[in-house]
2 protein chains.
Amino acid sequence: MKENILEKNNWNVKNCPVRNVLDRFGDKWSILIIMVLGERERMRFNELNKEIHDISQKMLTVTLRTLEADGLVKRTVYPEVPPRVEYEITDLGRSLVPYINSLAAWANVNIKEIQESRERYGVTI
Amino acid sequence: MKENILEKNNWNVKNCPVRNVLDRFGDKWSILIIMVLGERERMRFNELNKEIHDISQKMLTVTLRTLEADGLVKRTVYPEVPPRVEYEITDLGRSLVPYINSLAAWANVNIKEIQESRERYGVTI
DNA sequence: TTAGTTGCTTACTTTTAGTATGCAAATATT
DNA sequence: AATATTTGCATACTAAAAGTAAGCAACTAA
């Protein structure tokens, strides 16, 4: 029924890198974890969990494993008891950090204006 | 029971701009909408919906209203029938676009390596 | 003997996002 | 004159993502 030129030409679906990157990093925690790992060399699981204190253990595990699969984070298990697992950023992951930091800098500058706008808009959000 | 130095010193909670920006733009659609509005001057609701063809109308509405509240997008309603509503990026929103585009450029370069890594990691994700 | 340690996993609940339908009110079509 | 179409939503409902709480292994310290 619906003929869509954009769909026919296969736009914005598989060959859109923006789409792809947002599908990967558009989750709630990936970017924050990359930032934290980008500034500290190696971190253990619980260190990360303290630094990002409002992440749940479950989501920290899940997100770290996804980042590992993506090749952005390296995971090293030391067969000790109690267990020790260290996480570090890879070269690929590190290459992303400056871009995230730039975004964070923008946020730093503009967050006040955003918050004021939101207050002006009303309490309904 | 739990004494946490980081929590005591109020780290990473309210005064962390990274946290703040991720809380705002870490949703599924905000950044993509800003990108699209950043490259086209004014767009109607259905134009946006076609450009980002896999967003639901509901989430497009919700996200646009949030971006409006944040002062990143301006919404103009023309009292016609059928209704016409146009969206455009604000100066504040536009100032964010280059950073997002840089991120997208990074994605463009590295998405292949990420995908390969993911394939190597296994089918389990 | 019991408690503490670490990095998880698993079952369950809550929050967020997606689907489907309906609506107003004018114009276009039959 | 009756019906269909158009646009930008709202709303009720379902699915997916994230949060919560509990437990576990297996060794050490009290």
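Labels below follow one simple rule: chain letters A, B, ... track the order of the sequence lines, proteins then strands, and each chain is numbered from 1.
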Query raised in the report: How does protein reach along nucleotides 2-11 of chain C, written 5' to 3' as B (base within reach of a heavy atom under 4.0 Å), S (only sugar-phosphate), or - (no contact)?
Result: ---BBSBS-B

Report task. Compute the angle between the rotation axes at the two ends of the helix from C:dT1-D:dA30 to C:dT30-D:dA1, each taken over five pairs, rounded to 10 degrees. Result ->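 One end's axis against the other's: 20°.
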
Query raised in the report: Between the side chain of A:Ser102 and the main-chain N/O of B:Tyr99, is any donor-acceptor distance below 3.5 Å?
Result: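 Not a single qualifying donor-acceptor pair exists.
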
Report task. Measure from the side-chain N and O atoms of A:Ser117 to the backbone N and O of A:Glu113, and report whether any donor-acceptor pair falls under 3.5 Å. Result ->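 No, A:Ser117 side chain to A:Glu113 backbone: no donor-acceptor pair under 3.5 Å.
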
Among residues at least two apart in sequence or on other chains, which ones pass side-chain contact (heavy atoms from CB on, under 4.5 Å) with [X]?
| X | result |
| --- | --- |
| A:Val73 | A:Leu37, A:Leu64, A:Leu67, A:Tyr87 |
| A:Ser56 | A:Lys58, A:Met59 |
| A:Val97 | A:Ile34, A:Ile89, A:Asn101 |

If I compare all heavy atoms of [X] with all of [Y], which pair ends up nearest, and what's the gap?
| X | Y | answer |
| --- | --- | --- |
| A:Leu92 | A:Asp70 | CD2-O, 3.9 Å |
| A:Ile111 | A:Asn108 | CG2-O, 4.1 Å |
| A:Gln57 | A:Phe45 | O-CZ, 3.8 Å |

Output the rounded distance in Å from [atom1] ([X]) to [atom2] ([N]).
| X | N | atom1 | atom2 | value |
| --- | --- | --- | --- | --- |
| B:Asn49 | C:dG18 | CG | P | 12 Å |
| B:Ile55 | C:dG18 | CD1 | P | 7 Å |
| B:His53 | C:dG18 | NE2 | C1' | 14 Å |

**Report entry** Segment of DNA chain D, first to last nucleotide, that comes within the 4.0 Å heavy-atom reach of chain A
**Finding:**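 Listed 5' to 3', the contact boundaries are D:dA18 to D:dC27.
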
Report task. Give a yes/no on whether any side-chain N or O of B:Lys28 is located under 4.0 angstrom from OP1 or OP2 of C:dG18. Result ->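 Affirmative; the distance criterion is met.
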
Requested in this report: Say whether A:Leu48 and A:Tyr78 are linked into one hydrophobic cluster, either directly or through other cluster members, by side-chain heavy-atom distances under 4.5 angstrom.
Outcome: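 Different clusters.
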
Report task. Identify which one of B:Glu88, B:Glu51, B:Glu47 satisfies the salt bridge (Lys or Arg N to Asp or Glu O under 4.0 Å) criterion when paired with B:Arg40. Result ->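 By the salt bridge (Lys or Arg N to Asp or Glu O under 4.0 Å) criterion, B:Arg40 pairs with just one of B:Glu88, B:Glu51, B:Glu47: B:Glu51.
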
